[in-house]
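For reference, the structure discussed in these notes is given below.
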Amino acid sequence: QVQLVESGGGLVQAGGSLTLSCAVSGRTSSTYAYAVGWFRQAPGKEREFVAAINWSGRGTSYADSVKGRATISRDNAKKMVYLQMNSLKPEDTAVYYCASRMGAVWVHPPDSWGQGTQVTVSS
């Protein structure tokens, strides 16, 4: 079982940048590899995929809505995963969730979810 805790959300002006962090704990090691994804849910909308990264960090994927503006990365030694977002838009406003999937490669659906962190982009 993996536990995930997000941080780094907040209020930012349109055009600004933000880096979200996801701290991973629990059964994690090179034996128990895990891939990580970021999702978001805006008020009144369904939760949507944002980005994902494989265990090695060499494989990443992004939603079209954030491609070119978001970078997902990870530090396995620190058990941290990051989502840097630039050129933020009001439509990026949402609760952002970190999720994990046991295995080296990201496959939907996740096994575990964090509690989420609010990101609000003001115009």
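The analysis underlying the following values was restricted to heavy atoms, covering all of them including side chains, and did not include hydrogens, waters or symmetry mates. Keep in mind that this is a model prediction, so the values were computed, not measured.
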hydrophobic_cluster_shared for W113 and F49, side chain cutoff 4.5 Å = yes

Could you tell me which non-hydrogen atom of G116 sits nearest to which non-hydrogen atom of E6, and how far apart they are?
-> N-OE1, 2.9 Å

Heavy atoms of Y62 and I72 approach each other most closely as OH-N, 2.9 Å

In the single-linkage hydrophobic clustering (I, L, V, M, F, W, Y; side-chain heavy atoms under 4.5 Å), do I53 and M80 co-cluster?
-> no

Tabulate below the donor-acceptor pairs under 3.5 Å that side-chain atoms of residues 81-88 make, not counting sequence neighbours, or state none.
from, atom 1, to, atom 2, distance (Å)
Q84, NE2, N86, OD1, 3.3
N86, OD1, S17, OG, 2.9

Shortest non-hydrogen separation from G26 to Q3 and the atoms involved = CA-OE1, 3.5 Å

side-chain contact (heavy atoms from CB on, under 4.5 Å) between S21 and K78, worked out | CA-CA 11 Å; S21 299; K78 295 182 178 179; over 6 Å; no

Report yes if the side chains of V24 and V2 come closer than 4.5 Å at any heavy-atom pair, otherwise no.
-> yes

With sequence neighbours left out, write down each residue that passes side chain to side chain contact (heavy atoms under 4.5 Å, CB included) with K45, or none if nothing qualifies.
-> A42

Considering only heavy atoms from C-beta outward, does the side chain of Q118 approach that of L11 to under 4.5 Å?
-> no

In Å and rounded to the nearest 0.5 Å, what is the OG to CG distance from S25 to L4?
-> 7.5 Å

Report the distance from atom CD of E46 to atom CD of Q41, rounding to the nearest 0.5 Å.
-> 8.0 Å

Return yes if some donor-acceptor pair links the side-chain N/O of N54 with the main-chain N/O of W106 below 3.5 Å, else return no.
-> yes

From OG (S7) to CD (Q115), nearest 0.5 Å = 13.5 Å

Using a 4.5 Å cut-off on heavy atoms from C-beta on, say whether the side chain of F39 contacts that of P110.
-> yes

Output a table of donor-acceptor pairs, distance under 3.5 Å, between side-chain atoms of residues 97-104 and any protein atom two or more places apart or on a different chain; print 'none' if there are none.
from, atom 1, to, atom 2, distance (Å)
R101, NH1, P109, O, 2.6

Nearest heavy-atom neighbours spanning T93 and V121 | OG1-N, 2.9 Å

Within one Ile-Leu-Val-Met-Phe-Trp-Tyr cluster: V50 and V5, side-chain cutoff 4.5 Å | no

Connected via hydrophobic side-chain network under 4.5 Å: W38 and V12 = yes

Pairing of K67 and D64 as salt bridge, 4.0 angstrom limit = yes

